[in-house]
Amino acid sequence: MSQKRLQFTTKLGVIATTVGSAVGLGNIWRFPYEAGEGGGGAFIVVYLLVIALIGIPVICAEFVLGRSSRRNIFGAFRHFSPKGKWHYVGYVGILASIMILSFYSVVAGWTMEYIYQSVSGGLDYGTAASFQGQFDEFSHGNWRPLMWTVAFLLCNLLILRRGVQKGVEKMSNIMMPILFVLLVVFCVNSLMMDKAGEGLQFLFNPDFSKVTPQVVIGAMGQAFFSLSIGLGTMMTYASYFSKKTDLRLSATITAVLDTFVAILAAVIIFPAVFSFGESPAQGPALVFEILPAIFSQLPGSAVWSVLFFVLLFIASLTSTISMSEVSIAFLIDEKKMSREKATWLNTGIAIFFGALCALSFGCLGDVKIFGLTIFGLFDYVTSNILLPVGGFFISLYAGWVLDKRIFNRELADGRRSFFAWLMRFCLRWVAPAAILIIFLSQIGVL
Ligand code: PHE
């Protein structure tokens, strides 16, 4: 089986697919709303620290484990430690991937509604208040969000059925560069708004008195979510890399570009938030309410709006494809299922839970678990608990259990390398200790 495994074809393909997985709603929708709720600057400082000290080492660990074993997350641990219990980490990853796919598809469905509204001329570019009303009306009505969630999952299915290589690589190659350009245009536009200074102040002037355990855990969760790590996505993708792929370079480029896009999104959103007199801490609706207001400032609003939401939709697809691949690769490799069946099973489960998440903005809004809606719970549990738990064990495994020679061979062709040493050091000590301390302080033990 291992020889026949599909491989990404080009160097650009590798970068584009890993960046395609990392860049998505996490950067453009979730980062601004988390940063807004976490107090802006303080959140961003913690976020950057987590990316550098935990994020990049964990991407490297996933790359090493995936490429050297040529297996999915469950199979990789089984391969190296057939007798141990490490493959349970695989179950955590698979659970996280299905839960993320479920609530992520709801938000991706919102982008489809916005494409539809911009094309049909239904989107109102009036005032910030009217955008809010529009979004509330749409998300509270049950049928449309439900329909778009299912529609999105079917789009995801269509691409997944064709296999990783053809679908994903092609789309990511074309879409990523256009998205960057568009974001830069919006950024310039936002920087010219009246209260741009206030927005930048909020983002880049950290008030460290705002750093609470809650903010730290939010920043850590966001970093894991945004880099697509802790659940075996990068591991599964690395199992399709060729021996020639430079893992160090791919890991660094992925982390840098992903962070760059998140910061760019925040620089687009916050000047507008302050200029339109909105509150930064509005939660998941933030971006969907502010973006139309931003487009209203540009000539040809509807054109920008369509273009942007189409790109966001594609960015979401390249991310959901990667997370779906976690469970699909598991079902194909370990359960010997056909790709067709595995893909349908993945989609079926996600439609069920996705529907619950979609309706939790409407008729299921009163169903609260630990004070959170179903959507909120899925979002919180995956990013802030499951992914860091996965990342904790992946770090320990790559740092302490995996043969050091395999680690060095994958990361540095077996040569002496400061980078490989540093990554291993972080995986042995820094990442696990940091994750543990953050968890303990969250539950009040520290
Ligand atoms: N990183 C993706 C984003 O930012 C989301 C994602 C999470 C993708 C986990 C795969 C796995 O949108």
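Atoms within a ligand are numbered from 1 in the order they appear, just like the ligands themselves.
At distances below 3.5 Å, at least one donor-acceptor pair connects side-chain atoms of Arg71 with backbone N or O atoms of Ser69.
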Problem - Intermediate values then yes/no, salt bridge (Lys or Arg N to Asp or Glu O under 4.0 Å), Glu62 and Arg67 - result: CA-CA 8 Å; Glu62 291 207 19; Arg67 186 173 68 178; over 6 Å; no

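Here the straight-line distance linking atom CD1 of Ile314 with atom CD1 of Ile159 works out to 9.0 Å at 0.5 Å rounding. The structure places CG of Leu183 at 9.0 Å from CG of Asn27, a figure rounded to the nearest 0.5 Å.
Between Phe77 and Trp86, the angle of the ring planes stays under 30°, which puts this pair in the parallel group of the 30/60° scheme. Classification of the Phe375-Phe361 ring pair by plane angle, with boundaries at 30° and 60°, yields perpendicular.
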Distances under 3.5 Å, N/O of ligand 1 against N/O of the protein: list each pair and its distance.
unit_1	atom_1	unit_2	atom_2	d
ligand 1	1 (N)	Ser21	O	3.3
ligand 1	1 (N)	Ala22	O	3.0
ligand 1	1 (N)	Phe225	O	2.8
ligand 1	1 (N)	Ser226	O	3.0
ligand 1	1 (N)	Ser228	OG	3.0
ligand 1	4 (O)	Ala22	O	2.8
ligand 1	4 (O)	Gly26	N	3.2
ligand 1	4 (O)	Asn27	OD1	3.3
ligand 1	12 (O)	Leu25	N	3.1
ligand 1	12 (O)	Gly26	N	2.8
ligand 1	12 (O)	Tyr104	OH	2.5

